[in-house]
Amino acid sequence: MPELPEVEILARHLRPLLRGKIIREIYVRREKVLRPTSPAQFRKILRGAKFLGLTRRGKYLLFELRAKNSRTPISLLGHLGMTGRMFFAGKKEPLPKHAAVVFDLGAKNFIYEDTRYFGRLTLDNSAVAKLGPEPLGKDFEPVKFSENLKRSRQPVKVKLLDQSLVVGVGNIYASEALFRAGISPRRAANKLTAAQIKKLWRSIREVLMEAIDCGSTIPLNFSA
DNA sequence: AAGCGCTCCTGCAGGC
DNA sequence: TGCCTGCAGGAGCGCT
């Protein structure tokens, strides 16, 4: 299950490879991953469009494109769900069993594959507006984080998975951050002491930064 | 408005 | 050996 570091590393990897590439053709092999965008709408808007940039927000990938023969900006939102992958492949290579969307970029195919189809690739980017602060950014304030935790009786682990509280943290890094902070994942969020919250706040940032550093030093050759 | 149960999907492991 | 069951899990939805 890709979380913030994995998505960040993927974004860094794909950004230079996608820039300037034009979508020649689109093959939608699993319509549901586009929801609520229809396949017809998806094809109509994206065919002939050019990739300009790629950013990450939480666990989402935000592809910036420009429509064919116009300056109209297009924002394509991607989420890898649990098992999603995005990679380039030669046009003669057989498609993986669960290739959901295939972009023909001319020399190569750009493939979005997702075994369990929990991910998304859509023109509807409304999900981004609901997201909380980036844990590695300035918006992730300990005071606000603390206030949010104080409002909940749920286990702290559950709260860390809530993307409106802080984005990008999933099952693995939530557990890792809690372990480092010496806090039981089952502890009620509103029972944490100020010292524990501060420690947790730091652990979250640490584990994510370390994972990005670790991953970014390893070449991404899972391009198949 | 927090909290909870349900749904989406497939692959895999365990039981018999 | 092979079938069946249940689990895994991010996020959105609807209900309380």
Report which part of the nucleic acid [X] touches: base, sugar-phosphate, or nothing (heavy-atom distance under 4.0 Å, all strands).
| X | answer |
| --- | --- |
| A:R120 | nothing |
| A:Y117 | sugar-phosphate |
| A:R35 | nothing |

Gap between atoms [atom1] and [atom2], on [X] and [N] respectively (whole Å):
| X | N | atom1 | atom2 | answer |
| --- | --- | --- | --- | --- |
| A:I172 | C:dG10 | CD1 | P | 8 Å |
| A:L61 | C:dG10 | CG | P | 16 Å |
| A:H79 | C:dG10 | NE2 | C1' | 6 Å |
| A:M82 | C:dC7 | CE | P | 15 Å |
| A:L161 | B:dG5 | CG | P | 16 Å |
| A:L165 | C:dG10 | CG | P | 16 Å |
| A:R85 | B:dT10 | CZ | P | 17 Å |
| A:K97 | B:dT10 | NZ | C1' | 8 Å |

Can you check whether A:Q154 reaches A:D162 side chain to side chain, under 4.5 Å on heavy atoms? no

So, do A:I45 and A:L65 sit near enough that their side-chain heavy atoms are less than 4.5 Å apart? no

So that I can tick it off, tell me whether A:K59 and A:E3 are bridged by a salt bridge, with the cut-off set at under 4.0 angstrom between side-chain N and carboxylate O. no

Note: A:E147-A:R151 ion pair, threshold 4.0 Å (strictly below): no

Which nucleotide wins on minimum distance to the side chain of [X], given the candidates [options]?
| X | options | result |
| --- | --- | --- |
| A:A127 | C:dG12, B:dG3, B:dT10 | C:dG12 |
| A:T115 | C:dG10, B:dG11, B:dA2 | B:dG11 |
| A:N171 | C:dG10, B:dG11, B:dC9 | C:dG10 |
| A:K32 | B:dC4, C:dG10, B:dC9 | B:dC9 |
| A:Q163 | B:dT10, C:dA11, B:dG3 | C:dA11 |

Side-chain N,O ([X]) to OP1/OP2 ([N]) below 4.0 Å:
| X | N | answer |
| --- | --- | --- |
| A:Q154 | B:dC4 | yes |
| A:R30 | B:dT10 | yes |
| A:H98 | B:dG11 | yes |
| A:K159 | B:dA2 | no |

Heavy-atom donor-acceptor pair, A:R29 side chain to A:A99 backbone, under 3.5 Å: yes

C:dA11 base stacked by A:F118 (centroids within less than 5.5 Å, tilt under 30°): no

5'-most contact on DNA chain C (nearest-nucleotide basis), A:R116 vs A:Y60, goes to A:R116

Would you say that more than 12 heavy atoms from the other residues, nucleotides or ligands in this model lie under 6.0 Å from the NZ of A:K150, or not? yes

